[in-house]
Amino acid sequence: MEQRMPPERYPWWVKLTLLGSRTRRTQWFWIGFELVVGAVLLALAIDTGAGRVLYLIAAIWAFVVAAMSYATILWIDRNGEWNR
């Protein structure tokens with residue numbers, strides 16, 4: 001049996017992404033939410049004249065956060081352990 005890393009030794013970016021959620025199911029919920037928010041903001045950036053840049057920046061940020069959440073799931077699957 002391989003040794004799993006305890007949560008207090010997780011890298012900072014994993015701890016940041018997990019704030020308030022410790023289950024895999026919750027992380028998948030947040031990925032879906034972040035992707036929907038990013039898609040809506042991207043549609044607003046394309047459709048809106050004024051404020052287009054701010055919507056685009058927010059959309060990109062939402063997609064980056066979703067990618068971080070996915071990377072966290074992969075990291076914990078390989079190195080850590082999910083709460084049940």
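- In this structure, Thr26 and Ser21 approach most closely via the heavy-atom pair CG2-CB, 3.2 Å.
- Within a 6.0 Å sphere centred on CH2 of Trp61, other residues, nucleotides and ligands contribute 12 heavy atoms or fewer.
- Thr72 and Ser69 are not linked by any side-chain donor-acceptor pair at a separation below 3.5 angstrom, with hydrogens and angles left out of the test.
- Considering only heavy atoms from C-beta on, Trp30 stays 4.5 Å or farther from Tyr70 through its side chain.
- Using a 4.5 Å heavy-atom cutoff, the side chains of Arg24 and Asp77 are in contact.
- In this structure, Phe29 and Phe33 have parallel ring planes: the angle between them is below the 30° cut-off, well short of the 60° mark.
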Problem set entry | Check against side-chain contact (heavy atoms from CB on, under 4.5 Å), Thr17 and Val65 | CA-CA 8 Å; Thr17 307; Val65 171; over 6 Å; no

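- At a threshold of 4.5 Å between non-hydrogen side-chain atoms, the residues Arg22 and Pro7 count as touching.
- Shortest non-hydrogen contact noted between Arg4 and Glu81 is CG-OE1, 4.1 Å.
- Residues Tyr10 and Asn79 form no side-chain contact, since every pair of their non-hydrogen atoms from C-beta on lies 4.5 Å or further apart.
- With rounding to the nearest 0.5 Å, the separation of CE in Met68 from CH2 in Trp75 is 13.0 Å.
- Without hydrogens or angle criteria, Lys15 side chain to Arg9 main chain gives no donor-acceptor distance under 3.5 Å.
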For this session: Would you please test Arg52 and Asp47 for salt bridge (Lys or Arg N to Asp or Glu O under 4.0 Å) and show each step?
Result: CA-CA 8 Å; Arg52 181 175 300 187; Asp47 189 48; over 6 Å; no

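- Side-chain contact between Trp82 and Gln27 is present, with at least one heavy-atom pair separated by less than 4.5 Å.
- The heavy-atom pair separating Ala59 from Leu42 by the smallest distance is CB-N, 3.6 Å.
- Taking CZ of Arg25 as the start and CD1 of Ile73 as the end, the distance is 13.0 Å to the nearest 0.5 Å.
- Scanning all heavy atoms of the two residues, the minimum distance from Gly38 to Phe63 falls at C-CZ, 3.4 Å.
- Two different hydrophobic clusters hold Leu54 and Leu56 under the rule that ILVMFWY side chains link at heavy-atom gaps under 4.5 Å.
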